[in-house]
Amino acid sequence: MFTINLFNGLVYGALLIIMSSGLALIYGLRRVVNFAHGSLYMLGAYLGYSIATQTSFWVALIAAPLVMAAVGALLDRYAFRLLQDRDPLTVVLVTFGLLLVIEDFVQTVWGKDNLSVPAPDLLSVSVDLFGTPVPAYRMAVVAVGAAVALGLVGWLRFSRAGLFVRAASTDPTTTAMQGVNTDALSATVVALGTALAGLAGVVAAPFLSLSPAMSSDVLIDSFVVVVIGGLGSLIGAFVAAVLLGQVQSLGAVYLPDAAAVIPFALMVAILLWRPSGLAGNRT
């Protein structure tokens, strides 16, 4: 049972990696705390459901994030670009309003009933993990989370666009003076972050029930991950996601009465020790 709980924590941590990396990217470049990120995850899940119903899960895995990337580009043009220099209260109100609009849109199109997406036949089997049978699909979720983490790190460290993203997240004014189109770069990053939220929704659909309220829990956990890891830090978000996944999984089994409080207690403890987060600078 302990092995199963560790594995389930790793699966949820992988899902949080996909989710929180998009949130960290958007904040890192636009400096917008996107409270609508959970609703984008939900919208991606429902788009994946519709596409998978008409075609296949594998098509949905590609098509839904692409649609969400287009949504992200529109959000950047007509919302986030206008919000990056506004006061935090305005950002909270606008992004929370976007959350409500997207939730109402989902309820209008897909209704309020719970929906489910079957796992693809190829992954609808069990695999032996150290003598314990586990669903192959959940192992695939871990693989997707690892691929997203490695892909983002590689893109940011070894590509020209990644160099521009790192420079713009540190000093956008100087980066723009060097000839980099920071608005286009930010639109690309927001589109990528939104696509990752959609990808997380599609990946989660076969093992989590789809409902218009599905965004709240994962959004809260994603914010906890980003705060613990350090605002705007991808590496910190990856470490915090794996840590929080284990805390959630083991806490639900061994400390069920306190399971809802443990993530926040962990966040408070880490911030007291290191106010800027795990990957932040103390100064």
Side-chain angles (χ1 to χ4, degrees), residues 11-12 14-26 32 34-80 95-124 137-138 140-141 143-145 147-148 151-152 187-222:
V11 172
Y12 189 56
L15 183 64
L16 287 178
I17 283 176
I18 305 171
M19 235 337 242
S20 60
S21 58
L23 194 61
L25 279 172
I26 292 173
V32 170
N34 181 20
F35 280 87
H37 203 68
S39 62
L40 297 173
Y41 155 84
M42 174 189 62
L43 181 58
Y46 274 92
L47 285 173
Y49 165 80
S50 294
I51 296 171
T53 301
Q54 299 298 321
T55 55
S56 70
F57 175 81
W58 302 110
V59 175
L61 194 63
I62 297 173
L66 290 177
V67 174
M68 293 305 300
V71 172
L74 292 174
L75 284 176
D76 181 75
R77 174 63 182 84
Y78 296 105
F80 296 161
T95 56
F96 188 74
L98 284 172
L99 180 151
L100 297 178
V101 169
I102 295 173
E103 284 191 356
D104 285 345
F105 173 76
V106 167
Q107 291 184 34
T108 301
V109 175
W110 286 279
K112 298 181 180 180
D113 294 336
N114 289 355
L115 303 174
S116 61
V117 177
D121 294 337
L122 181 64
L123 300 175
S124 298
Y137 182 79
R138 298 202 173 199
V141 173
V144 172
V148 167
L152 286 175
T188 301
V189 169
V190 173
L192 177 59
T194 307
L196 288 172
L199 176 63
V202 178
V203 167
F207 68 93
L208 295 178
S209 177
L210 273 64
S211 72
M214 67 182 292
S215 64
S216 57
D217 290 340
V218 73
L219 176 63
I220 293 172
D221 286 345
S222 296

Going from CG on Leu47 to CE on Met42, what distance comes out if it is rounded to the nearest 0.5 angstrom? 10.0 Å
Would you call Leu61 and Val203 a side-chain contact if the rule is heavy atoms closer than 4.5 Å? yes
Step-by-step side-chain contact (heavy atoms from CB on, under 4.5 Å) determination, Val190 to Val32: CA-CA 10 Å; Val190 173; Val32 170; over 6 Å; no
Flag, side chain of Thr55 to backbone of Ile51, donor-acceptor distance under 3.5 Å: yes
Is a side-chain N or O of Tyr137 found less than 3.5 angstrom from the main chain of Leu122, in a donor-acceptor match? no
Look up atom CZ in Phe80 and atom CG in Asn34, then write down how far apart they are to the nearest 0.5 Å. 3.5 Å
Drop me the distance from Leu43's CG to Met68's CE, to the nearest 0.5 angstrom. 4.5 Å
Would you be so kind as to tabulate the donor-acceptor pairs closer than 3.5 Å made by side chains of residues 95-119, with sequence neighbours excluded?
| residue | atom | partner | partner atom | Å |
| --- | --- | --- | --- | --- |
| Thr95 | OG1 | Phe35 | N | 3.4 |
| Thr95 | OG1 | Val91 | O | 2.8 |
| Thr95 | OG1 | Val92 | O | 3.3 |
| Glu103 | OE2 | Ser215 | OG | 3.3 |
| Thr108 | OG1 | Asp104 | O | 2.8 |
| Trp110 | NE1 | Ser50 | OG | 2.7 |

Can you pull the side-chain hydrogen bond (donor to acceptor under 3.5 Å, both in side chains) pairs that have at least one residue in residues 62-79, sequence neighbours excluded? Arg30-Asp76
Tyr12: what forms a side-chain hydrogen bond (donor to acceptor under 3.5 Å, both in side chains) with it, not counting sequence neighbours? Asp221
Taking C-beta and beyond as the side chain, do Phe57 and Tyr49 meet within less than 4.5 Å on heavy atoms? no
With rounding to the nearest 0.5 Å, note down the distance linking CG in Leu40 to CG in Leu196. 11.5 Å
Stepwise side-chain contact (heavy atoms from CB on, under 4.5 Å) check, Val144 with Leu15: CA-CA 9 Å; Val144 172; Leu15 183 64; over 6 Å; no
Closest heavy-atom pair, Ile18 versus Gly145, reported as atoms and distance to 0.1 Å, is CG1-CA, 4.0 Å
Rounded distance [0.5 Å steps], OG in Ser20 versus CG in Leu219: 11.5 Å
Of all heavy-atom pairs between Ala60 and Gly48, which one has the smallest distance, and what is that distance? CB-O, 3.4 Å
Between Val148 and Leu199, the two heavy atoms sitting closest are CG2-CD2, 4.0 Å
